[in-house]
Amino acid sequence: KYNLLLIKEIKEWNKKTNLFGENLTDYQVTEIAIKLNKIIEEVEREELDLDKLDIIDDSELSNHKQQILKFLKYFGTGWQNSLDKNKHYISPVKCYNQIVNSIIDSLSPLKEKSAPSDCNYPVIIAGSTGSVVATTNLINAISKIENNYVVLFGLDKDLDQENWKIIDEFHPQFMLKRLLSALNIDRQQIHDLEFKQFKKSSCQLTKLLSYVMLPAFSTDRWTETNNIIGYESITNLQIIETRNDFDEATIISIAMRQALEENNKSCALVTNDNKLCLMVKSQLKKWSIDVNDSHNNSLNGSEIFNYLLS
């Protein structure tokens with residue numbers, strides 16, 4: 001219904017301005033609505049306001065761009081007014097922001113020293129980089145409460161300060177860097193988690209991964225690894241180059257089968273490549289190997305979660 005209302009608004013605006021032409025088809029309106037919705041969601045995700053487009057000086061813009069800017073300015077006011085009239089309509093991003101903000105409000109009593117004893121259970125947030133402003137605010141609220149924890153997975157503490165400063169939005173550490181800046185926390189203040197039942201990666205291997213991810217401006221320092229990192233620390237690390245995705249999936253499948261059959265061990269494939277994951281599963285299925293796939297599974301869809309609830 002939200003998208004249908006957006007399509008209706010675009011049609012009415014086009015009748016007034018003829019910005020998109022007289023013969024605008026339903027398909028074209030839908031395409032415009034999809035693209036416009038992405039812009040609106042991005043603005044809402046950053047908790048910005050389209051009304052601020054009014055401060056843009058469009059005197060030097062072409063007529064076409066002026067018309068587009070005028071159209072976006074309209075949606076800064078007219079679209080919000082339309083949503084206010086139809087109170088049952090709300091964008092998914094704004095709904096998410098409201099839910100997160102309500103959680104932040106519920107945590108506020110825990111900041112008080114006089115908080116009741118039944119509020120002393122720790123709140124833990126893990127795996128988030130605060131890519132959404134509302135999530136950053138939630139992480140900030142949790143970090144300020146005693147006995148609560150924020151787990152920053154994969155933070156590079158080995159990268160020198162000079163290179164840390166020049167990390168841009170294309171670097172894997174950028175979101176964590178932005179989050180720490182928003183929290184006003186220095187990277188070296190973050191403590192490492194250690195568990196006796198888990199084997200910790202060697203310091204030299206961690207340094208190697210840090211060097212691999214050096215910003216492009218500093219890749220000339222890769223030669224330093226010969227003097228800093230000993231070969232004994234990477235004896236179990238292998239690099240295999242393949243011609244295509246199929247060969248990659250085949251080699252991974254064989255390695256996993258070998259670990260299961262010959263060494264009688266369990267093994268895991270960690271990847272965010274959905275295509276590769278499906279190809280590996282398909283290969284293993286040919287050998288009657290069942291895979292416990294948690295890729296893209298939500299918590300309430302996991303077997304363990306449902307077992308605990310039963």
Side-chain angles (χ1 to χ4, degrees), residues 1-103 128-138 169-170 174-175 178 245 271-279 281-282 293-301:
K1 290 183 178 180
Y2 174 86
N3 291 329
L4 291 175
L5 182 63
L6 181 58
I7 290 172
K8 180 182 177 182
E9 287 290 320
I10 293 173
K11 283 184 176 180
E12 291 180 359
W13 175 256
N14 193 55
K15 287 179 182 179
K16 298 176 183 178
T17 63
N18 197 31
L19 177 63
F20 302 111
E22 297 179 358
N23 302 318
L24 193 65
T25 66
D26 290 340
Y27 175 78
Q28 290 173 323
V29 175
T30 304
E31 286 290 303
I32 294 170
I34 291 172
K35 293 177 181 178
L36 181 60
N37 190 45
K38 289 181 179 179
I39 296 174
I40 295 172
E41 285 187 346
E42 190 63 30
V43 170
E44 291 176 342
R45 197 172 284 116
E46 295 295 327
E47 294 191 353
L48 301 175
D49 196 339
L50 282 172
D51 288 341
K52 293 183 179 180
L53 290 172
D54 288 328
I55 65 176
I56 297 178
D57 181 11
D58 60 357
S59 58
E60 296 185 3
L61 296 177
S62 63
N63 182 60
H64 176 66
K65 290 183 178 180
Q66 286 179 355
Q67 290 295 320
I68 293 176
L69 185 59
K70 184 180 179 181
F71 174 69
L72 291 175
K73 286 179 180 179
Y74 161 76
F75 269 90
T77 55
W79 174 237
Q80 188 57 51
N81 292 337
S82 180
L83 288 176
D84 291 339
K85 293 177 183 177
N86 300 271
K87 296 186 182 297
H88 297 293
Y89 297 92
I90 185 172
S91 71
V93 173
K94 186 165 286 188
C95 180
Y96 172 85
N97 290 344
Q98 289 181 359
I99 293 172
V100 173
N101 288 331
S102 67
I103 295 173
S128 176
T129 58
S131 57
V132 179
V133 173
T135 310
T136 299
N137 295 336
L138 175 61
E169 64 269 24
F170 303 107
F174 175 74
M175 297 307 299
R178 192 176 77 164
D245 293 344
T271 178
N272 61 355
D273 189 335
N274 193 39
K275 180 182 175 183
L276 176 64
C277 183
L278 291 174
M279 292 173 70
K281 283 178 64 177
S282 178
D293 182 16
S294 61
H295 186 71
N296 284 337
N297 282 353
S298 59
L299 177 62
N300 58 5

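We number each residue from 1, following the sequence as shown.
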Worksheet entry | Residues forming a salt bridge (charged side-chain N to carboxylate O under 4.0 Å, His left out) with Asp273, sequence neighbours excluded | none

Practice prompt. Evaluate the side-chain proximity of Glu47 to Asn137: yes if any heavy-atom separation is below 4.5 Å, no if none is.
Written response: yes

Discussion item. As an exercise, state the distance from NZ of Lys94 to CD1 of Ile40, rounded to the nearest 0.5 Å.
Written reply: 9.5 Å

Discussion item. I need the Glu42 CD to Lys38 NZ distance, nearest 0.5 Å.
Written reply: 11.0 Å

Response to the item:
Applying side chain to side chain donor-acceptor pair (under 3.5 Å) to Thr135 and not counting sequence neighbours gives Tyr96

Worksheet entry | Other residues, nucleotides, ligands: >12 heavy atoms within 6.0 Å of Glu169 CD | yes

Discussion item. Suppose we screen for side chain to side chain contact (heavy atoms under 4.5 Å, CB included). Which residues come up paired with Leu61, at least two apart in sequence or across chains?
Written reply: Asp58, Lys65, Gln66, Leu69

Worksheet entry | Sidechain-backbone polar pair: Asn101 side chain, Asn97 backbone, donor-acceptor under 3.5 Å | yes

Discussion item. For the backbone of Gly130 and the side chain of Thr136, can you confirm whether one donor and one acceptor N or O come within less than 3.5 Å of each other?
Written reply: yes

Worksheet item: Would Thr30 and Ile7 count as a side-chain contact (heavy atoms from CB on, under 4.5 Å) if you check the C-alpha gap in whole Å, the side-chain angles of each, and the deciding distance to 0.1 Å?
Response: CA-CA 6 Å; Thr30 304; Ile7 290 172; 4.0 Å; yes

Item to complete: Kindly say whether Thr25 contributes a backbone atom to a donor-acceptor pair with the side chain of Gln28 at under 3.5 angstrom?
Response: yes

Worksheet item: Can you tell me how far CE of Met279 sits from CG of Asn274, rounded to the nearest 0.5 angstrom?
Response: 12.0 Å

Discussion item. Check whether Arg178 reaches the backbone of Ser131 with its side chain - one donor and one acceptor, N or O, closer than 3.5 Å.
Written reply: yes

Worksheet entry | Val100 versus Ala134, closest heavy-atom pair with distance | CG1-O, 3.3 Å

Worksheet entry | Reported OG1-to-CG distance for the pair Thr271 and Leu276, which is rounded to 0.5 angstrom | 5.0 Å

Item to complete: Start with the C-alpha distance between Asn37 and Glu41, add both sets of side-chain angles, then the distance that settles side-chain contact (heavy atoms from CB on, under 4.5 Å), and finish with yes or no.
Response: CA-CA 6 Å; Asn37 190 45; Glu41 285 187 346; 3.5 Å; yes

Discussion item. Using side-chain contact (heavy atoms from CB on, under 4.5 Å), reason through Val133 and Arg45 one step at a time and then give a plain yes or no.
Written reply: CA-CA 6 Å; Val133 173; Arg45 197 172 284 116; over 6 Å; no

Worksheet item: Which distance, rounded to the nearest 0.5 Å, do you find between the CG of Leu6 and the CD1 of Ile32?
Response: 10.0 Å

